[in-house]
Amino acid sequence: MVGKLDSLSDEFRILEEKLDRTQQELENLKNVSFQISSHVSSQVQRLENSLSCLFQRVSVPAERKRIVFLIHNVAAIDAILPIIYEAQRREHRVVVIAIRNKFSSSQTNVESQHIALQSLGIEHLRFEKLNPGEGLDYLKSIYPDVIFRQSPWERDIDEEFSIERLRFSKVCYAPYYGIQFLRHFTPEDPVDYHCDQEFHRKAWAIFVEDATEVFDNFKNSSLMRGINIVPTGLPKYEHLTGQLSASSRPEKNIKTILWAPHHSFDKNWLGFATFIETHNEILKFLEENKDTFNIIFRPHPLFKTNLVSSGKMTNEQYESVMNRFKELPNFSFSTHSSPHYDFDASDLLLTDGISFLASYLVTHKPIVWLDSNHHMEFTTLGAKVASGSYRLSIENLPSLQTVIRTILVDGKDPLFEEREKLRKILLGKGRPSENILNYIEQNV
């Protein structure tokens, strides 16, 4: 009898253990079920938000679009500012939003975009102070028909504003750097960052120069083979043209040269800078022509930093060289953030750089390009734009004075007509901002 009781006791104990395990498994199942339910609920909410955006976009009257501009780098806003103004003029529902710039040099002030937009007098929403991830839901609540982003670089902004997260709307882009001059940034680079990043592949419309060379480049280099590019001309150059003085400068005996040296001293990265090889010849030119030529010195913002870090000059050596220039009465530093002041004040551009080879074309004035002979390969259009400048290789540097005198003193400028043709490519037919808004109105 005692044995049977012991056996029953063991069976009850085993049953109790099984019951405890079953209860624990039920509790685990409840937790898993709750997690799945929460996840599904979140996904459903996102789907509802996206569908709501789609519904609102379809229901907006055709004549008025909701156009959003995400601003993370006000320093490059010239590339889209004409679009903002033209969209406002046409009474579209324009929303400018300040978002964080995560680029390393721009993290000091979380409100930097707000402050800069405020100084420009541009009304805007302030998403910079929101926690990462919050801005996207607020953006969706605006129901944008079109979203303009400033650049294709995903790492410069919060992930919520990546091209993948913005595909509930039509994403547009007008290149902030102007034309695509170079095929690659470095010789070994397998990616064409100018036209085949993930952003370029998924953007709805990329507004570019009115040139077959641009289309051919996208067609040959991009996965999408150029199906999303639209030849409108570039608003960047429209903005610069609008800033230039409409009145011509009076003829003066002393001509002014804008000297704009580049910052790419590393031969394995761009490789355009020639300051080391050219500064002595330019100094000699100024010393010998004090009553004939002035120079405005406008180096790239990274010029001195990269020159010293390259090891080609110490800081002390650079300061010593610049002191020699400063002693001359016909030498001065540019004091303006916007280049249009120096463009207006000058008669000729002297540069070894890239972007100014295009930007200066809007002035109708001549360009002398100091060719390093070891820079990255031009695109077809880049080479075409460079052909509008008087090319002077390092080997021929002693002829610099003769070249400048022939152009500015003798008035011989055989490349004038070529520059005018290139200028039309940059600006397109009509105004780029009008062309872009026409495209949006006709296709959204």
Side-chain angles (χ1 to χ4, degrees), residues 105 177 181-182 185-187 255-290 293-337 339 342-343 345-360 366-378 382 385-386 389-404 407:
S105 64
Y177 49 78
F181 268 99
L182 306 177
F185 290 104
T186 64
K255 300 294 184 179
T256 299
I257 298 166
L258 175 59
W259 180 19
H262 204 246
H263 64 98
S264 55
F265 292 92
D266 188 344
K267 292 183 180 181
N268 291 319
W269 182 76
L270 300 182
F272 278 81
T274 64
F275 182 79
I276 298 297
E277 297 87 356
T278 61
H279 71 274
N280 281 327
E281 189 68 35
I282 295 172
L283 181 66
K284 177 185 174 184
F285 169 77
L286 279 179
E287 290 172 336
E288 295 176 354
N289 294 277
K290 293 179 182 178
F293 297 105
N294 291 329
I295 275 188
I296 299 173
F297 185 62
R298 186 186 179 89
H300 188 280
L302 295 175
F303 171 77
K304 181 181 177 181
T305 299
N306 287 1
L307 173 59
V308 174
S309 65
S310 72
K312 298 180 184 297
M313 268 191 183
T314 64
N315 185 69
E316 292 72 22
Q317 288 172 329
Y318 172 74
E319 292 300 333
S320 176
V321 168
M322 295 315 299
N323 284 335
R324 293 169 65 193
F325 277 102
K326 292 176 187 177
E327 291 173 356
L328 297 173
N330 53 341
F331 176 86
S332 63
F333 282 90
S334 171
T335 58
H336 304 289
S337 58
D342 296 329
F343 283 18
S346 60
D347 299 288
L348 177 146
L349 171 68
L350 177 65
T351 187
D352 54 6
I354 312 173
S355 63
F356 273 16
L357 291 178
S359 297
Y360 201 75
I367 303 168
V368 174
W369 175 45
L370 302 171
D371 186 358
S372 70
N373 292 326
H374 54 66
H375 54 77
M376 293 298 105
E377 181 186 3
F378 280 126
V385 169
S389 304
Y390 296 95
R391 177 180 174 272
L392 192 64
S393 64
I394 300 303
E395 294 80 5
N396 297 323
L397 195 60
S399 64
L400 174 65
Q401 185 166 171
T402 301
V403 171
I404 292 177
I407 300 169

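Here the structure is a predicted model, which is why all the values come from computation and not from measurement.
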Query - Summary of side chain to side chain donor-acceptor pair (under 3.5 Å) pairs that have at least one residue in residues 271-283, sequence neighbours excluded - result: Thr274-Asp352
Under the side-chain contact (heavy atoms from CB on, under 4.5 Å) rule, collect the residues that match up with [X], sequence neighbours excluded.
{"X": "Thr305", "value": "none"}
{"X": "Asn323", "value": "Lys326"}
{"X": "Leu283", "value": "Glu287, Arg324, Phe325, Leu328"}
{"X": "Ser320", "value": "none"}

Starting at [atom1] of [X], measure out to [atom2] of [Y] and round the result to the nearest 0.5 Å.
{"X": "Phe265", "Y": "Leu302", "atom1": "CZ", "atom2": "CG", "result": "10.5 Å"}
{"X": "Lys284", "Y": "Asn289", "atom1": "NZ", "atom2": "CG", "result": "10.5 Å"}
{"X": "Trp369", "Y": "Leu392", "atom1": "CH2", "atom2": "CG", "result": "11.0 Å"}

Query raised in the report: Which pairs count as salt bridge (charged side-chain N to carboxylate O under 4.0 Å, His left out) when at least one residue sits in residues 302-312, sequence neighbours excluded?
Result: Lys304-Glu319
Report task. Identify, with sequence neighbours excluded, every residue that meets ring pair (Phe, Tyr, Trp, His ring centres under 6.0 Å) alongside His336. Result -> Tyr341
Query - Counterpart residues, ring pair (Phe, Tyr, Trp, His ring centres under 6.0 Å), relative to Phe333 (two or more places apart) - result: Phe297, Phe331
**Report entry** Whether Phe378 and Phe181 hold their rings parallel, tilted or perpendicular, with breakpoints at 30° and 60°
**Finding:** tilted
Query raised in the report: Does any donor atom in the side chain of Ser389 or Tyr360 lie under 3.5 Å from an acceptor atom in the other side chain?
Result: no
Query raised in the report: Between the side chain of Asn330 and the main-chain N/O of Phe293, is any donor-acceptor distance below 3.5 Å?
Result: yes
Query raised in the report: Quick check: does any side chain N or O of Asp371 sit under 3.5 Å from a backbone N or O of Arg391, one acting as donor and the other as acceptor?
Result: no
Only counting residues at least two apart or in another chain, list the ones meeting side-chain hydrogen bond (donor to acceptor under 3.5 Å, both in side chains) with [X].
{"X": "Ser393", "result": "Glu395, Asn396"}
{"X": "Thr351", "result": "none"}
{"X": "Glu288", "result": "Gln401"}
{"X": "Asn294", "result": "none"}

Query - Within-4.5 Å side-chain heavy-atom neighbours: Ile276 and Leu307 - result: yes
Query raised in the report: Can you check side chain to side chain contact (heavy atoms under 4.5 Å, CB included) on Leu182 and Phe272, steps first, answer last?
Result: CA-CA 11 Å; Leu182 306 177; Phe272 278 81; 3.6 Å; yes
Query raised in the report: side chain to side chain contact (heavy atoms under 4.5 Å, CB included) with Ile404: which of Leu400, Ile407, Thr402?
Result: Leu400
Requested in this report: Of all the heavy-atom pairs spanning Ile394 and Asn373, show the shortest one and how long it is.
Outcome: N-ND2, 4.1 Å
Requested in this report: For the pair Ile257 and Phe285, evaluate side chain to side chain contact (heavy atoms under 4.5 Å, CB included) and give the outcome as yes or no after the intermediate values.
Outcome: CA-CA 12 Å; Ile257 298 166; Phe285 169 77; 3.7 Å; yes
